[in-house]
Number of protein chains: 4
Amino acid sequence: MTEAIGGIAADALKSYLDRIMNLEIEKKAIAEDIKMVFSEAKGTGFDTKIMRKLLTLLKMEEHERKEQEELLDLYMRAAGVE
Amino acid sequence: MTEAIGGIAADALKSYLDRIMNLEIEKKAIAEDIKMVFSEAKGTGFDTKIMRKLLTLLKMEEHERKEQEELLDLYMRAAGVE
Amino acid sequence: MTEAIGGIAADALKSYLDRIMNLEIEKKAIAEDIKMVFSEAKGTGFDTKIMRKLLTLLKMEEHERKEQEELLDLYMRAAGVE
Amino acid sequence: MTEAIGGIAADALKSYLDRIMNLEIEKKAIAEDIKMVFSEAKGTGFDTKIMRKLLTLLKMEEHERKEQEELLDLYMRAAGVE
DNA sequence: CTGCCATTTTACCGGC
DNA sequence: GCCGGTAAAATGGCAG
């Protein structure tokens with residue numbers, strides 16, 4: 001890395017950084033698209049917060065979900081929540 | 001043929017969820033690409049940690065520039081310059 | 001605001017900004033303390049993620065909680081999740 | 001006298017939750033104070049939006065300085081300067 | 001496997 | 001009073 005300044009390495013580095021930045025721009029654009037879909041859904045009366053929760057659950061395996069619920073239940077009882 | 005379940009347009013909901021899930025897949029693919037570029041850079045001897053720091057600095061400079069412009073805008077508006 | 005530069009208003013502004021920044025420092029310190037408690041809890045074997053969920057639930061009114069659950073349920077059925 | 005519920009030290013859990021909740025109350029109080037300062041500033045004719053922008057710029061400059069130092073550190077280490 | 005960093009989610013504030 | 005954007009918190013993922 002010490003020869004990076006003014007050498008071939010510097011060009012390579014710039015190239016890598018450029019590629020990354022461009023990809024990040026693309027990624028950001030898609031994130032925008034996602035936001036727009038949510039916004040559209042909201043405009044037709046859907047609750048986006050619930051939609052997000054639903055998406056999370058869809059990604060989760062069932063046993064994983066059950067496990068979490070049980071643990072939460074246990075903690076609630078331990079904390080004295082009825 | 002929108003089937004309503006409990007007052008919810010089921011088809012519309014499914015469509016939104018589908019679109020979002022597909023966009024998320026695309027986004028993830030780009031994230032993978034970024035990772036690969038880093039990995040390639042690492043393979044040619046670059047320090048990814050330094051690369052990341054450079055990227056954050058570059059982004060911050062850009063962001064700062066933007067903030068300053070916005071501030072100037074606000075000032076002008078506050079001063080009655082339309 | 002246009003007389004702000006070099007006038008009394010500038011001093012007032014600085015004073016406000018200072019007060020705010022100091023308060024933000026205090027706030028941040030407390031946030032650190034909270035993190036430390038979580039970290040301590042984790043060290044004695046508790047699952048901090050579940051603890052956070054529990055805290056959220058404790059802050060929520062019961063009817064509010066029920067409402068959200070029912071809505072989620074409705075959406076799940078609408079989306080065809082069994 | 002730690003009572004165990006399902007293998008959970010109930011007293012310990014309650015204690016952690018209490019400490020966290022109290023700290024959160026303190027934090028919230030400071031947040032209120034900050035709000036009051038903004039409100040006071042607004043009352044004397046300042047534009048809170050501009051104030052917020054200034055604060056973000058100030059924070060960003062500080063942050064950037066820090067990042068640059070860290071980057072320099074990294075460079076030196078990469079160059080074998082310990 | 002632990003700590004760090006990015007992304008995501010949540011809460012807040014100001015405007016309409 | 002809602003809604004949009006903006007800052008803080010929390011979750012998840014990654015490198016070391």
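Here is how names work: the chains are called A, B, and so on, in the same order as the sequence lines, proteins then strands, and each is numbered from 1.
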Over how many whole Å does the gap from [X] atom [atom1] to [N] atom [atom2] extend?
X: Lys35(C); N: dC4(E); atom1: NZ; atom2: C1'; answer: 11 Å
X: Leu74(B); N: dG14(E); atom1: CG; atom2: P; answer: 13 Å
X: Phe46(A); N: dC3(F); atom1: CZ; atom2: P; answer: 16 Å
X: Met36(A); N: dC3(F); atom1: CE; atom2: C1'; answer: 17 Å
X: Ile50(C); N: dA10(F); atom1: CD1; atom2: C1'; answer: 14 Å
X: Met51(D); N: dT6(F); atom1: CE; atom2: P; answer: 19 Å
X: Lys66(D); N: dC4(E); atom1: NZ; atom2: P; answer: 12 Å
X: Asp33(D); N: dC13(E); atom1: CG; atom2: P; answer: 13 Å

- Query: Side chains of Gln68(B) and Lys53(D): donor-acceptor distance under 3.5 Å anywhere?
  - Reply: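 The answer is no; no qualifying pair exists.
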- Item | Electrostatic pair Arg77(C):Asp73(C) at N-O distance under 4.0 angstrom |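 Yes, Arg77(C) and Asp73(C) are salt-bridged.
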- Message: Under 4.0 Å between a side-chain nitrogen and a carboxylate oxygen: does that hold for Glu32(A) and Lys27(A)?
- Response: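 No, Glu32(A) and Lys27(A) are not salt-bridged.
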- Message: If you apply the rule salt bridge (charged side-chain N to carboxylate O under 4.0 Å, His left out), what do you find for Arg65(C) with Glu70(C), and how did you get there?
- Response: CA-CA 9 Å; Arg65(C) 181 160 64 240; Glu70(C) 280 165 21; over 6 Å; no
- Message: Judged by each residue's nearest nucleotide on DNA chain E, which is more toward the 5′ side, Lys28(D) or Lys49(B)?
- Response: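 Per heavy-atom nearest nucleotide, the more 5' residue is Lys49(B).
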- If two hydrophobic side chains count as joined below 4.5 Å and joins carry through other members, does Leu23(D) share a cluster with Met21(D)?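 As far as the 4.5 Å side-chain criterion goes, Met21(D) and Leu23(D) are connected within one cluster.
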- Are any non-hydrogen side-chain atoms of Lys35(C) and Ser39(C) less than 4.5 angstrom apart?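 In short, these two side chains do not touch, never coming nearer than 4.5 Å.
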- Query: Taking only N and O in the side chain of Thr48(D), is any of them less than 4.0 Å away from OP1 or OP2 of dC13(E)?
  - Reply: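 No, Thr48(D) has no side-chain N/O under 4.0 Å of OP1/OP2 on dC13(E).
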Where do N or O atoms of nucleotides 6-9 of chain E meet protein N or O atoms at under 3.5 Å, pair by pair?
residue	atom	partner	partner atom	Å
dT7(E)	OP1	Lys27(A)	NZ	2.3
dT8(E)	OP1	Lys27(B)	NZ	2.4
dT8(E)	OP2	Lys27(B)	NZ	3.3
dT9(E)	OP2	Arg52(A)	NH1	3.1

- Message: Between Tyr75(C) and Asp47(A) (side chain of the first, backbone of the second, donor and acceptor by atom type, cut-off under 3.5 Å), is there such a pair?
- Response: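 Indeed, once roles are kept as given, a pair shorter than 3.5 Å links the two residues.
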- Task: With DNA chain F as reference, determine whether Glu70(B) or Lys53(C) sits nearer its 5' end, using the nearest nucleotide of each.
- Result: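 Looking at the nearest nucleotide for each, Glu70(B) comes out on the 5' side.
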